[in-house]
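Since the structure comes first, as structure tokens, the remarks are kept for the end.
Labels below follow one simple rule: chain letters A, B, ... track the order of the sequence lines, proteins then strands, and each chain is numbered from 1.
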Number of protein chains: 2
Amino acid sequence: MARVAAQDRRQQLIDAAIRVAERDGIAATTTRRIATEAGASLATVHYCFRSKQQLFEEVLRAIITELSEAAQGDIRPGPDARTLLHDGLRALWEIVEKEPGKQQLTYELTHYALRQPGMESFARWQYETSYAACAAHLEGIAAAAGIAWSLPMPVLARMLMTVIDGVVLGWLVDRDSPTAVAALDSLADLFATLAVPPA
Amino acid sequence: MARVAAQDRRQQLIDAAIRVAERDGIAATTTRRIATEAGASLATVHYCFRSKQQLFEEVLRAIITELSEAAQGDIRPGPDARTLLHDGLRALWEIVEKEPGKQQLTYELTHYALRQPGMESFARWQYETSYAACAAHLEGIAAAAGIAWSLPMPVLARMLMTVIDGVVLGWLVDRDSPTAVAALDSLADLFATLAVPPA
DNA sequence: AAGCGTCTTGGACAACTGACTCAGTCAGGG
DNA sequence: CCCTGACTGAGTCAGTTGTCCAAGACGCTT
């Protein structure tokens, strides 16, 4: 094992943990597997992190940060809110279909965090971050299309997140892309009816 | 321990397993805890079930069956599709808020089944059952309100399930009932616009 | 009442995996 | 050349699972 700064080794272990969790699920993400995946010894894991809990917290942080960055789709000026909504969701959908393991992992992490005493805040943070991203996206659309939304932003953001979560979850189970995309498109259509002329 | 027919004892163990899983999560649902919860000995578990896997399969079957039965809300004749949709979702929401543990468990079970080799079919079955229940409900509404739906039923059913899943999942994380209900109501409103006069 | 299946149990076993510890080794910068 | 930080082998200890057993308890039939 090459000698590496502890900070770098930590990052390697976090990356390895994410790979294992994506592939095998969080339940199967043990310190041993993480160590093997990273090509390090088990003891190294405990040298770099005080506990598995701490490692997992870093993993969660990394994934949530990565996700919220990936969701920062640029909004190209478009004809109307409906088109912008469709484009945004389609772009998101491409990412989802490309990395099903990562999506599955985010849900698993949510439930894991909800169950783990002292980690509930991570689940909440995950969703707050997501809602914020949805809100930003919707405000970007309003600005680009010159419209206003006919519902309060917190409710709107939750509705959008709801739609995304629901469609992704359903698709993860049966992988029925045509129906999932059809549902997504129709929901986007419905959503677009909430766009109104600015006050 | 009172003497009980093996068949009844099996049911008791399944019920106990569900209680433990609701309370502590599936990951923490061990054979020993199940036995304790049921007030039976560990040996009884293995007397009644060939393996933990078999017990879990029965648990899944029981929960999915129970859920689909709970979803069979009766549709009272109402003025319009919008009202019927709202009533149905509100009724569902009452159940959700009353038994958050059960909801959390269903999601965990989905992901558990998706990860467990040879149990993916349970996850698919779970969602097929749910979609069927959604479709039945929507058709009931159409009949009761004398309307038709402007989208194919498979897509519609998935959209409804999407909305339910998404709202419940979001609520499980932050328990923000007002916003969740607001989102649910608005989504029901949107959904209602898909009701059209019959052909 | 005796007999005989059907349940029930405590206790044990081996095999495994989990997180975590620690004394000690090694490499490279000063 | 030595010291600090990186690394590790070899453990500890606890938990879970599947399996088995010998023994006992219960209730139904004859």
* With nearest nucleotides of DNA chain C determined for B:A6 and B:A43 from heavy-atom distances, which residue corresponds to the more 5′ nucleotide? -> B:A6
Spacing of [X] atom [atom1] relative to [N] atom [atom2], expressed in whole Å:
X     : N      : atom1 : atom2 : answer
A:Q11 : D:dA6  : CD    : P     : 16 Å
B:L42 : D:dT19 : CG    : P     : 12 Å
A:R10 : D:dC7  : CZ    : P     : 10 Å

* side-chain hydrogen bond (donor to acceptor under 3.5 Å, both in side chains) contacts in which one or both residues fall within residues 42-51 of chain B, not counting sequence neighbours -> B:S41-B:T44
* **Salt bridge flag under 4.0 Å for residues A:R82 and A:D189** => yes
For [N], take OP1 and OP2 only and decide whether either is under 4.0 Å from a side-chain N or O of [X].
X     : N      : value
B:H46 : D:dT19 : no
B:T44 : C:dT9  : yes
B:R9  : C:dC7  : no

Donor-acceptor pair between [X] and [Y] side chains, under 3.5 angstrom:
X      : Y      : result
B:D165 : B:Y127 : yes
B:E99  : B:Q103 : no
B:D8   : B:Q12  : no
A:T110 : A:Q126 : yes

* To do: Give me the residues of residues 47-60 of chain A where at least one heavy atom lies under 4.0 Å from an atom of DNA chain C, by number, or none.
  => A:S51, A:K52
* Structure fact -> Numerically ordered, the residues 19-34 of chain A set in heavy-atom contact under 4.0 Å with DNA chain C is A:T30, A:T31, A:R32
* To do: Start with the C-alpha gap between A:V45 and A:K52, add the side-chain angles, then the distance that decides, and say whether side chain to side chain contact (heavy atoms under 4.5 Å, CB included) holds.
  => CA-CA 8 Å; A:V45 175; A:K52 192 196 179 190; over 6 Å; no
* **Short side-chain to backbone donor-acceptor contact, B:W149 and B:L138, under 3.5 Å** => yes
